[in-house]
Amino acid sequence: NALEQNVYTRAWQSISKTLGRPSAVVAVSAHWYLPGTRVTAMEQPRTIHDFAGFPRELYEVSYPAPGEPALARRLAQLLQPLQVQLDEEWGLDHGTWSVLKHVFPAADVPVIQLSIDATQAPAFHHEVGQRLAPLRDEGVLVIGSGNVVHNLRTYAWRRRVIEPYDWAVRFDALVRQALASGDQRTLIEYQELGEDARLSVPSPEHYLPLLYVLGLRSAGEPVAFPTQGIEGGSISMLSVQIG
């Protein structure tokens, strides 16, 4: 999807036309998942190619968006008394740039990344999202990049087209229904949803970005789904747009 023009990337491109240009982007990516909370604070974050076994063209992608150290400090302030480390080593991983290169292809909007604390329960991540909500009024776009269903063990690597697994379809639909109805409890307590949730979310890092987005939502605020579908049987391509 980082390289292709398809139904998903065209939808991401159209989002920027309806959003307009934000002052900056805060990205919560599934691929910065570690103990503690960090935020990138460098002037020029590097493009990270954090994957293996893909075509050479993917490793040649550069997304030279500037950083925004002042916004990183503002974010750390919003999250007090939580300790937030200002990080100058990470950069923009593929969870961030593979989407943003379609939404803001000129890479001229400042971008910072917020890590996902691997030691914390789902409710913590929802609360962090709530505490980031003032950034919306400051013209900052907050995005979460992951997959509602993300099971690579069952992904059809060698078969391009495959019918989605029943459990993936059911869990994806349940998440969409809960979002549409404002059922935050179900989304936060997804680990209590049985076998469909266990198969769809075998590890939490790809699901948790959704909870940050959920935390940003005001009561009664509309929700839309610019893209949906399941690829390879077990990867949800659901996009969720608040507001």
Side-chain angles (χ1 to χ4, degrees), residues 8 11-12 14-30 32-33 37 39 71 74-80 82 84 95-96 99-100 102-104 109 111-117 120-150 171-193 197 200-201 204-229 236-243:
Y8 309 120
W12 297 340
S14 69
I15 288 174
S16 65
K17 298 174 183 177
T18 59
L19 285 177
R21 179 188 169 92
S23 60
V25 173
V26 173
V28 181
S29 165
W32 202 17
Y33 182 67
T37 302
V39 60
L71 178 58
R74 167 70 172 138
L75 188 151
Q77 179 187 48
L78 285 173
L79 296 185
Q80 288 180 348
L82 181 67
V84 179
T96 293
V99 176
L100 288 184
H102 295 290
V103 182
F104 303 116
V109 176
V111 182
I112 67 173
Q113 275 200 211
L114 174 65
S115 72
I116 299 175
D117 188 342
Q120 298 290 343
F124 168 88
H125 304 286
H126 179 253
E127 181 184 346
V128 170
Q130 290 177 312
R131 291 164 71 179
L132 295 178
L135 294 176
R136 296 181 66 188
D137 295 329
E138 299 169 19
V140 176
L141 173 65
V142 183
I143 69 168
S145 178
N147 301 94
V148 168
V149 178
H150 188 274
F171 188 75
D172 190 69
L174 184 151
V175 168
R176 280 188 281 117
Q177 181 180 4
L179 283 163
S181 65
D183 183 1
Q184 298 190 35
R185 180 175 178 179
T186 290
L187 296 167
I188 295 168
E189 298 179 1
Y190 74 94
Q191 293 167 313
E192 307 300 321
L193 297 177
S200 298
V201 190
E205 68 274 13
H206 278 84
Y207 180 87
L208 293 176
L210 174 67
L211 299 186
Y212 290 79
V213 174
L214 182 66
L216 294 161
R217 186 182 186 185
S218 301
E221 192 170 19
V223 60
F225 306 107
T227 68
Q228 50 190 306
S236 171
M237 296 301 299
L238 183 71
S239 296
V240 180
Q241 184 173 356
I242 302 298

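Nothing fancy with the numbering, it's 1 onward along the sequence.
Closest non-hydrogen pair, A197 versus Y190, comes out as CB-O, 3.3 Å. G146 approaches A30 most closely through the heavy-atom pair CA-CB, 4.2 Å.
A distance-only check finds a donor-acceptor pair linking the side chain of R131 to the backbone of Q80 [under 3.5 Å].
In this structure, H206 and S236 have side chains that are not in contact, with every pair of non-hydrogen atoms separated by 4.5 Å or more.
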Problem - Residue pair V103, S16: steps toward the side chain to side chain contact (heavy atoms under 4.5 Å, CB included) verdict - result: CA-CA 5 Å; V103 182; S16 65; 3.8 Å; yes
Practice task
Walk me through it: do V128 and D117 pass the test side chain to side chain contact (heavy atoms under 4.5 Å, CB included)?
Solution key: CA-CA 10 Å; V128 170; D117 188 342; over 6 Å; no
Practice task
May I have the step-by-step check of side chain to side chain contact (heavy atoms under 4.5 Å, CB included) for V240 and L214, ending in yes or no?
Solution key: CA-CA 9 Å; V240 180; L214 182 66; over 6 Å; no
Exercise for the section: I would like to know whether W32 and T96 meet side chain to side chain contact (heavy atoms under 4.5 Å, CB included); could you show each step before the answer? Expected result: CA-CA 10 Å; W32 202 17; T96 293; over 6 Å; no
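With sequence neighbours left out, the side-chain hydrogen bond (donor to acceptor under 3.5 Å, both in side chains) criterion links Q191 to no other residue.
A tilted orientation is assigned to the rings of Y212 and H125, their planes being inclined by 30° to 60°.
Residue pairs satisfying the side-chain hydrogen bond (donor to acceptor under 3.5 Å, both in side chains) criterion with at least one member in residues 217-227, sequence neighbours excluded, are listed as follows: R136-E221, T227-S239.
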For residues 173-182, which side-chain donor-acceptor pairs fall under 3.5 Å, sequence neighbours excluded?
| from | atom 1 | to | atom 2 | distance (Å) |
| --- | --- | --- | --- | --- |
| R176 | NE | D172 | OD2 | 3.4 |
| S181 | OG | Q177 | O | 3.0 |
| S181 | OG | A178 | O | 3.4 |

